[in-house]
**Q** 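Take this structure, written in structure tokens, and hold onto it; I'll ask about it next.
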Amino acid sequence: MMIALFARASHTRAGSSDPSSSAYSVASKMANRSRAAAVVLAISSLCAVLSSATVTVNEPLAAGLSWSFYDASCPSVEGIVRWHVTEALRRDVGIAAGLIRIFFHDCFPQGCDASLLLSGSSSEQSELPNQTLRPEALKLIDDIRAAVHSACGPKVSCADITTLATRDAVVASGGPFFEVPLGRRDGFAPASRDLVGTLPAPFSDVPTLIESFKNRSLDTADLVALSGAHTVGRGHCGSFSDRLPPNADDTIDPVFRQKLAAKCANDPKGTVTQVLDVRTPNAFDNKYYFDLIAKQGLFKSDQGLMNHPATKRMATRFSLNQAAFFDQFSRSMVKMSQMDVLTGNAGEIRLNCAARNSRVSGLDAAGDEGLAADA
Ligand code: HEM
Ligand SMILES: *[C@@H]1O[C@H](CO)[C@@H](O)[C@H](O)[C@H]1NC(C)=O
Ligand SMILES: CC(=O)N[C@H]1CO[C@H](CO)[C@@H](O)[C@@H]1O
């Protein structure tokens with residue numbers, strides 16, 4: 001059974017020379033856990049990969065990225081990330097949505113450089129669109145970073161860990177498996193307020209969304225497919241109040257609108273939330289596009305995709321054909337994951353995802369055995 005699984009895995013996962021070895025090295029590196037338990041978990045997470053649709057994306061890569069970047073320096077990284085993401089989702093399924101949104105908010109403003117993970121008063125996290133990022137998901141990324149650095153030394157960037165964790169969250173929620181190119185390095189500084197301001201708003205219309213994506217070299221197919229990430233997760237009332245009374249909106253199902261209005265009527269602390277996909281809120285599937293057909297998209301930016309001639313055909317196709325959605329989503333994620341990346345000697349490998357190294361050095365790096373071991 002085990003051998004059969006590993007044998008199939010090596011056919012499924014193009015690009016990595018011997019995937020079974022990574023499952024084994026997770027087992028051997030996790031000295032503080034029972035080896036048997038680690039093997040069982042490695043197998044169960046491999047099963048998750050095998051049961052999901054695999055999309056092979058074969059596009060030219062950004063300079064400095066590769067499909068096999070850590071094969072020599074940290075062969076266990078993918079197994080470690082997958083194990084931690086699977087475990088975290090077992091406790092809190094919402095972390096998947098948290099990771100996927102963090103990835104988008106990191107990559108879109110100034111590229112996938114983990115700048116979003118920097119904390120502090122002038123950080124991206126203090127900017128308006130980030131105020132609803134899930135702290136549990138931010139913490140998970142740094143927990144994984146600690147485990148990976150413990151196994152391999154500080155070789156893997158927070159940007160790559162975020163990318164891998166996001167991919168695994170998609171898979172673990174029922175979405176497609178796709179290889180992601182690696183080799184990103186971490187930025188020194190948060191994106192400016194102006195750059196964070198380029199993130200699209202939920203009240204944007206389709207022409208504005210198309211322009212804002214185009215500004216980041218993402219096309220209309222990327223917009224329609226990546227918006228499908230709203231198949232998981234939630235939104236706060238403030239993000240869709242523009243569609244509720246007293247405002248008029250005839251693009252939303254009146255019964256749904258009434259429910260939302262009732263729900264948001266008593267929200268003194270701004271903490272009330274609504275799932276983004278009313279049909280299957282925690283599953284990564286194409287039901288989001290069904291919602292749009294039923295006029296039950298939560299944001300104006302969602303619903304617009306089914307109403308505007310530039311996007312309607314593709315949104316409809318994704319509602320009819322989940323494989324087509326998965327295929328385009330995988331391509332668009334791989335594309336977004338390469339936007340303005342730092343590689344080679346640019347940036348750094350952060351020793352703590354929340355702070356650049358010059359701020360960490362001198363501070364207590366306790367809990368990161370990898371640093372001590374590697375030094
Ligand atoms: C097309 C333009 C987009 C707009 C206007 C938009 C806007 C939003 C807003 C307003 C929220 C809810 C925030 C809150 O009230 O808590 C949200 C949540 C979310 N967005 Fe987007 N988004 C867009 C594209 C994307 C993309 C490209 C992705 C990822 C590929 C993404 C992934 C998510 C996820 C997973 C959540 C749920 C987060 C959670 O439950 O913690 N979004 N988005
Ligand atoms: C796209 O970029 C141009 C030039 O920087 C800018 O003026 C415009 O506001 C941007 N559009 C959107 C929707 O972000
Ligand atoms: C996740 C996270 O750090 N969110 C921050 C967003 O900004 C607000 C206001 O500055 C902070 O209080 C949150 O902690």
Side-chain angles (χ1 to χ4, degrees), residues 89 92-109 112 116 127-138 140 162-163 165-167 169-170 173 175-176 178 180 194-243 260 263-264 267 270-277 281-284 288 292 297-306 308 311 315 325-326 328-337 339:
L89 294 195
D92 175 4
V93 70
I95 283 182
L99 288 171
I100 297 167
R101 186 162 189 242
I102 286 168
F103 178 72
F104 173 51
H105 277 227
D106 182 39
C107 295
F108 197 87
C112 311
L116 178 65
E127 298 290 329
L128 187 70
N130 292 326
Q131 286 180 359
T132 51
L133 296 174
R134 299 199 198 219
E136 307 84 1
L138 290 167
L140 174 65
T162 304
T163 305
T166 300
R167 187 276 310 277
V170 168
S173 307
F178 48 94
V180 286
D194 281 356
L195 285 176
V196 174
T198 64
L199 277 162
F203 44 81
S204 304
D205 60 18
V206 168
T208 306
L209 292 171
I210 290 176
E211 184 185 313
S212 115
F213 271 57
K214 196 171 167 211
N215 278 356
R216 301 300 283 124
S217 304
L218 297 169
D219 60 26
T220 304
D222 297 320
L223 168 66
V224 178
L226 290 173
S227 294
H230 290 176
T231 180
V232 292
R234 65 190 186 195
H236 291 72
C237 291
S239 299
F240 53 88
S241 54
D242 59 310
R243 310 189 70 201
L260 294 177
K263 193 170 190 180
C264 294
D267 183 19
T271 50
V272 172
T273 60
Q274 164 66 30
V275 296
L276 300 181
D277 169 11
N282 297 321
F284 199 104
Y288 162 85
L292 303 187
L298 190 59
F299 306 137
K300 185 180 169 194
S301 60
D302 295 315
Q303 193 57 54
L305 300 176
M306 197 53 85
H308 195 278
T311 49
F325 165 49
F326 280 4
Q328 183 60 53
F329 182 81
S330 303
R331 282 168 206 292
S332 298
M333 287 290 276
V334 170
K335 188 168 169 184
M336 185 158 73
S337 83
M339 279 173 21

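Both counts, for ligands and for their atoms, begin at 1 and track the order of listing. Since the model is a prediction, treat every value here as computed from it, not as a measurement.
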**Q** Could you check Phe299 against Asp242 for side-chain contact (heavy atoms from CB on, under 4.5 Å), going step by step and ending with a plain yes or no?
**A** CA-CA 9 Å; Phe299 306 137; Asp242 59 310; over 6 Å; no
**Q** Which part of Thr273 is near ligand 1, with near meaning a heavy atom under 4.0 Å away: side chain, backbone, both or neither?
**A** neither
**Q** Is the Tyr288 to Phe325 ring centre distance short of 6.0 Å?
**A** no
**Q** Considering only heavy atoms, does Phe299 approach ligand 1 within less than 4.0 Å through its side chain, its backbone, both, or neither?
**A** side chain
**Q** Working note: His230 + Asp277, criterion side-chain contact (heavy atoms from CB on, under 4.5 Å); need CA distance, chi angles, decisive distance, verdict.
**A** CA-CA 7 Å; His230 290 176; Asp277 169 11; over 6 Å; no
**Q** Taking atom 41 (O) of ligand 1 as the point of reference, which of His236, Glu136, Arg134 owns the nearest heavy atom?
**A** Arg134
**Q** According to salt bridge (charged side-chain N to carboxylate O under 4.0 Å, His left out), who are the partners of Lys300, at least two apart in sequence or on a separate chain?
**A** none
**Q** Might you point out which heavy atoms bring Asp106 and Leu116 nearest each other, and give the distance in Å?
**A** OD1-N, 3.2 Å
**Q** Atoms of ligand 1 less than 4.0 Å from Ala229 heavy atoms?
**A** 28 (C), 29 (C), 30 (C), 31 (C), 32 (C), 35 (C)
**Q** Quick one: look at Leu226 and ligand 1, take heavy-atom pairs under 4.0 Å, and tell me if it's side chain, backbone, both or neither.
**A** both
**Q** Only heavy atoms of Thr132, strictly under 4.0 Å: list the atoms of ligand 1 that pass.
**A** 13 (C), 14 (C), 16 (O)
**Q** Evaluate Phe108 against Thr198 for side-chain contact (heavy atoms from CB on, under 4.5 Å), listing each step before the verdict.
**A** CA-CA 8 Å; Phe108 197 87; Thr198 64; 4.1 Å; yes
**Q** Could you work out, for atom 42 (N) of ligand 1, the closest of Met336, His230, His105, Gln274 by heavy-atom distance?
**A** His230
**Q** Indicate, as side chain, backbone, both or neither, the part of Leu276 found under 4.0 angstrom from ligand 1 when only non-hydrogen atoms are considered.
**A** side chain
**Q** Return the option from Ala201, Gly304, Ala137 holding the heavy atom at the smallest distance from atom 5 (C) of ligand 1.
**A** Ala201
**Q** What residues sit with at least one heavy atom under 4.0 Å from ligand 2?
**A** Thr208, Glu211, Ser212, Asn215
**Q** For ligand 1, which atoms, with element, lie under 4.0 Å from some heavy atom of Gly235?
**A** 12 (C), 14 (C), 15 (O), 16 (O)
**Q** Could you list the atoms of ligand 1 found under 4.0 angstrom from a heavy atom of Ser239?
**A** 10 (C), 13 (C), 14 (C), 15 (O)
**Q** Side chain, backbone, both or neither: which part of Pro202 has a heavy atom under 4.0 Å from ligand 1?
**A** both
**Q** Give the atom numbers and elements of ligand 1 that come within less than 4.0 Å of a heavy atom of Gly233.
**A** 37 (C), 40 (O)
**Q** Taking it one step at a time, do Phe104 and Leu226 satisfy side-chain contact (heavy atoms from CB on, under 4.5 Å)?
**A** CA-CA 9 Å; Phe104 173 51; Leu226 290 173; 5.9 Å; no
**Q** Would Arg234 count as being in polar contact with ligand 1, using the rule that some N or O on each side must be under 3.5 angstrom apart?
**A** yes
**Q** Please examine the side chains of Gln328 and Val224, heavy atoms only from C-beta on, and report whether any two atoms are closer than 4.5 Å.
**A** no
**Q** Provide the number and element of each atom of ligand 1 under 4.0 Å from a heavy atom of Leu223.
**A** 1 (C)
**Q** If you measure from each heavy atom of Gly94 to ligand 1, is any distance below 4.0 Å?
**A** no
**Q** Taking Gln303 for the side chain and Leu298 for the main chain, is one N or O donor matched with an acceptor at less than 3.5 Å?
**A** no
**Q** Which atoms of ligand 1 sit under 4.0 Å from any heavy atom of Ser227?
**A** 1 (C)
**Q** Can you tell me if Lys214 has over 12 outside heavy atoms packed within less than 6.0 Å of its NZ?
**A** no
**Q** What part of Ser301 sits under 4.0 Å from ligand 1 if we count only heavy atoms: the side chain, the backbone, both or neither?
**A** side chain
**Q** May I ask whether Ser204 has any heavy atom positioned less than 4.0 angstrom from an atom of ligand 1?
**A** no
**Q** Measure the OG-CG distance between Ser212 and Leu223 for me, rounded to the nearest 0.5 Å.
**A** 8.0 Å
**Q** Look at the side chain of Ser332 and the backbone N and O of Phe329, then say whether any donor-acceptor pair between them is shorter than 3.5 Å.
**A** no
**Q** Quick one: closest heavy-atom pair of Thr273 and Lys263, and the distance?
**A** O-NZ, 2.9 Å
**Q** Please name the pair of heavy atoms, one in Asp205 and one in Thr208, separated by the smallest distance, quoted to 0.1 Å.
**A** OD1-OG1, 2.5 Å
**Q** For the residue pair Ile95 and Arg134, establish whether any side-chain heavy-atom pair is separated by less than 4.5 Å.
**A** no
